[in-house]
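None of the values given here were measured: they were computed from a predicted structure. Residue numbering restarts at 1 for every chain, and letters A, B, ... go by the order of the sequence lines.
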Amino acid sequence: MGMRNRVYIDNIFRHEIADGTEVTLKGWLYNKRSSGKLVFLLLRDGTGTIQCTVYKPTVGDDMFGVADKIAQESSFTITGNIHKDERAPGGYEIQVSRVELIHQAVDYPITPKEHGPEFLMDNRHLWLRSKNQHAIMRIRHTVIKAIRDFFDGRGFTLVDTPIFTPAACEGTTTLFETEYFDSKAYLAQSGQLYAEAGAMALGKVYCFGPTFRAEKSKTRRHLTEFWMVEPEVAFNDLYDNMELAEDFLEYIVQTVLRERAQELNILERDTSKLANVKAPFPRVHYEEAVKIIRESGLPFESGNDFGAPDEAAISAKYDRPVIVHHYPAAVKAFYMKRDPNEPDKALAMDILAPEGYGEIVGGSQREDDYDTLLQRIKEHDLPPEAFDWYLDLRRYGSVPHAGFGLGVERTVTWICGIQHLREAIPFPRMIHRLKP
RNA sequence: UGCUCAGUAGCUCAAUGGCAGAGCAUUCGGCUGUUAACCGAAGGGUUGUAGGUUCGAGCCCUACCUGAGCAGCCA
């Protein structure tokens, strides 16, 4: 009895347990409806939600009183028989024979009505229990698993890169500074430079961890702490890099479509747009992208980097992610190699997600010549002594190599079809958000 | 950092410069089939803060605080 028959709601909806079986479920009250001698308890247990019907003549007055007084998000144990019923949400319910309260919740703040973003973010630790947030977290989990499976299946080695770093990686964005004994350390804004060292040791590597940027961004596309996966491959050029990235994105999206159909349905995602995400992706040279922007009616000066409206104009032309390559070297990072045939262009590529979700991938072939790289460091006013170890990679068996970074939250936001990056991570960190 | 908008009950929102309101949540009562259940009742307010205009300010003006959206930065 009891624990021996304990099951998860998931087991019931997957038909792993026969109709009529007596089971025990443990979870929290999602919602309740009562009707005199009948109480409907919506139980959630992390794997799903199921309706439990408590009928007064069956359980008796005392136990019915318990069921009738359970408040939203209280925890309880329920025992009863699985019953197929058209009237129950999902087609199955539990006909309850026993209810045991574990803990009564008092005044749960998130009611089954609408709430504003500030209130929900203040209650993020509770908001995660809601149906949509639950679905997003499950999709995020699958995205992360797909990322690891993809690289592991292709012989990549995970190389963890440090979070405390001595200096700027790219020298562009603002870094978080922290005390490090009697000196300063900075929180990593990218693991790329270390991943390059890893690639020279292990051939094909990826790093995957949190990154930190102290930019005072206040848009729905920015977090100060976000997760990024960065593959780096020795002997790959720009075009190998593009192929890797498009196969990678296809794998992630198709995996989510296959394994998280139910969650995408809860989020009311139009999956036909995701089904298009198959390699090869359209490839657009920077100068061609400039033409597209101008044709869309936006003013644009060649040589500039793209702004958010420019990216939207480009991606609007395609039904799948689009690769933009050969950006002006002047607007890109110091470590990117230039194209010998177009010396003012970097061997760089960005991937823009469809439906206006913007840049989700940024990558390049790296500069592999010692003297050129040293010159770039000086041109960008970076201290060469901080990069001595990085320059060593060009002194001892330098090879062409390339890699890219994929933003996990932007990818999750796009796949889920949601409006805010802050919902794509359990506890977002933003300029005005450090709690909970 | 700049521009725009917002702040009224625990939450979401109303209120022409003239008595501070509703729905949800909470408490109590009613109902065997509810689907964000429904019906009846009750409690719940220093209208973000400080000042100003006015016979009278939630509403108009000034400053500040807090947040949101957009831009820049980027993934």
Exercise. In whole Å, what is the span from the CD atom of A:Glu215 to the C1' atom of B:rA71?
Worked result: 13 Å
For this session: Side chain of A:Arg220 only, please: which of B:rC70, B:rA71, B:rA75 is the nearest?
Result: B:rC70
Exercise. Considering only the C1' atoms, how many Å lie between B:rG48 and B:rG29, rounded to the nearest integer?
Worked result: 38 Å
Seminar exercise, completed: Any strand, both distances under 3.5 Å, Watson-Crick or G-U wobble: B:rC19 pairs with none
For this session: For the side chain of A:Thr53, starting at C-beta, report the closest nucleotide among B:rA71, B:rC11, B:rG33.
Result: B:rG33
Exercise. Has the side chain of A:Glu86 got a donor or acceptor that lies under 3.5 Å from a partner of the other kind on the base of B:rG33?
Worked result: no
For this session: Would you mind telling me which of B:rG33, B:rA25, B:rC74 lies closest to the side-chain atoms of A:Arg221?
Result: B:rC74
Problem set entry | Residue pair A:Ala67 / A:Val39: nearest heavy atoms and the distance that separates them | O-CG1, 4.1 Å
Seminar exercise, completed: Winner on side-chain proximity to A:Met228, out of B:rA71, B:rA75, B:rA68, is B:rA75
Exercise. Mind checking whether A:Phe208 and A:Phe156 have ring centres under 6.0 Å apart?
Worked result: no
Exercise. Is there ring stacking between A:Phe226 and B:rA75, where the centres must be under 5.5 angstrom apart and the planes under 30 degrees?
Worked result: yes
Problem set entry | Side chain of A:Phe119 (C-beta onward), nearest among B:rC11, B:rU1, B:rA71 | B:rC11
For this session: Determine whether the aromatic ring centres of A:Phe300 and A:Phe306 lie less than 6.0 Å apart.
Result: yes
Problem set entry | Base partner of B:rU66, which must satisfy Watson-Crick or wobble distances under 3.5 Å | B:rA6
Exercise. Do you see a donor-acceptor pair shorter than 3.5 Å between the side chains of A:Arg124 and A:Gln133?
Worked result: yes
Exercise. For the side chain of A:Thr111, counting heavy atoms from C-beta on, which of B:rG67, B:rG10, B:rU34 is nearest?
Worked result: B:rG10
For this session: Could you check A:Arg433 against A:Leu223 and say which one's nearest nucleotide on RNA chain B is further toward the 5' end?
Result: A:Arg433
Problem set entry | B:rC11 versus B:rU62 - spacing of their C1' atoms, nearest Å | 32 Å
For this session: Using distance alone, with no hydrogens and no angle criterion, decide if A:Glu287 and A:Ser302 have a side-chain donor and acceptor under 3.5 Å apart.
Result: yes
Problem set entry | Matching residue for A:Ile139 among A:Thr142, A:Val143, A:Ile136 - test: side-chain contact (heavy atoms from CB on, under 4.5 Å) | A:Val143
Exercise. Does B:rC28 pair with anything, Watson-Crick or G-U wobble, both distances under 3.5 Å, and if so, with which nucleotide?
Worked result: B:rG40
Exercise. When you compare B:rA9 with B:rG51, how far apart are their C1' atoms, in angstrom units rounded to a whole number?
Worked result: 27 Å
Exercise. Which pair of heavy atoms, one from A:Trp28 and one from A:Phe76, lies closest together, and at what distance?
Worked result: C-CE2, 3.8 Å
For this session: Over all heavy atoms of both residues, which pair between A:Glu232 and A:Gly403 is shortest? Give the atoms and the distance, please.
Result: OE1-CA, 3.6 Å
Exercise. Could you state the CZ-P distance from A:Arg422 to B:rG69, rounded to the nearest angstrom?
Worked result: 5 Å
Seminar exercise, completed: Answer for the Watson-Crick or wobble partner of B:rC74, both distances under 3.5 Å, is none
For this session: Ignoring backbone atoms, establish whether A:His222 has a side-chain N or O less than 4.0 Å from OP1 or OP2 of B:rC73.
Result: no
Problem set entry | Minimum-distance nucleotide to A:Lys218 side chain [options: B:rC24, B:rG33, B:rA71] | B:rA71
Problem set entry | Separation between the P atoms of B:rG52 and B:rA15, rounded to whole Å | 28 Å
Exercise. What distance, rounded to whole Å, do you find between the two C1' atoms, one in B:rC38 and one in B:rG33?
Worked result: 13 Å
Exercise. When the C1' atoms of B:rU53 and B:rC61 are considered, how many whole Å apart are they?
Worked result: 7 Å
For this session: Report the distance from atom CG of A:Asn123 to atom C1' of B:rU12, rounded to the nearest whole Å.
Result: 14 Å
Exercise. Quick one: is A:His115 getting a side-chain N or O under 4.0 Å of the B:rU12 phosphate, OP1 or OP2?
Worked result: no
Exercise. Tell me: CD1 of A:Ile147 to P of B:rA75, nearest whole Å?
Worked result: 16 Å
Exercise. Which nucleotide in the set B:rG33, B:rC73, B:rC31 lies at the smallest distance from any side-chain heavy atom of A:Gln95?
Worked result: B:rG33
Exercise. Mind checking who B:rC59 pairs with, Watson-Crick or G-U wobble, both distances under 3.5 Å?
Worked result: none
For this session: May I ask you to verify whether the side chain of A:Arg410 and the base of B:rC74 hold a donor-acceptor pair under 3.5 Å?
Result: yes
Exercise. Expressed in whole Å, how much space separates the P atoms belonging to B:rC65 and B:rA20?
Worked result: 31 Å
Exercise. Can a donor-acceptor pair under 3.5 Å be found between the side-chain atoms of A:Thr219 and the base atoms of B:rC70?
Worked result: no
Exercise. For atom P, what is the distance between B:rC74 and B:rA68, given to the nearest Å?
Worked result: 23 Å
Exercise. Can you find a side chain N or O atom of A:Arg33 that sits less than 4.0 Å from OP1 or OP2 on B:rC39?
Worked result: no
Exercise. What nucleotide among B:rA68, B:rA75, B:rG33 has an atom nearest to a side-chain atom of A:Arg213?
Worked result: B:rA75
Exercise. Considering only B:rG33, B:rU26, B:rU66, which nucleotide approaches the side chain of A:Glu118 most closely?
Worked result: B:rU66
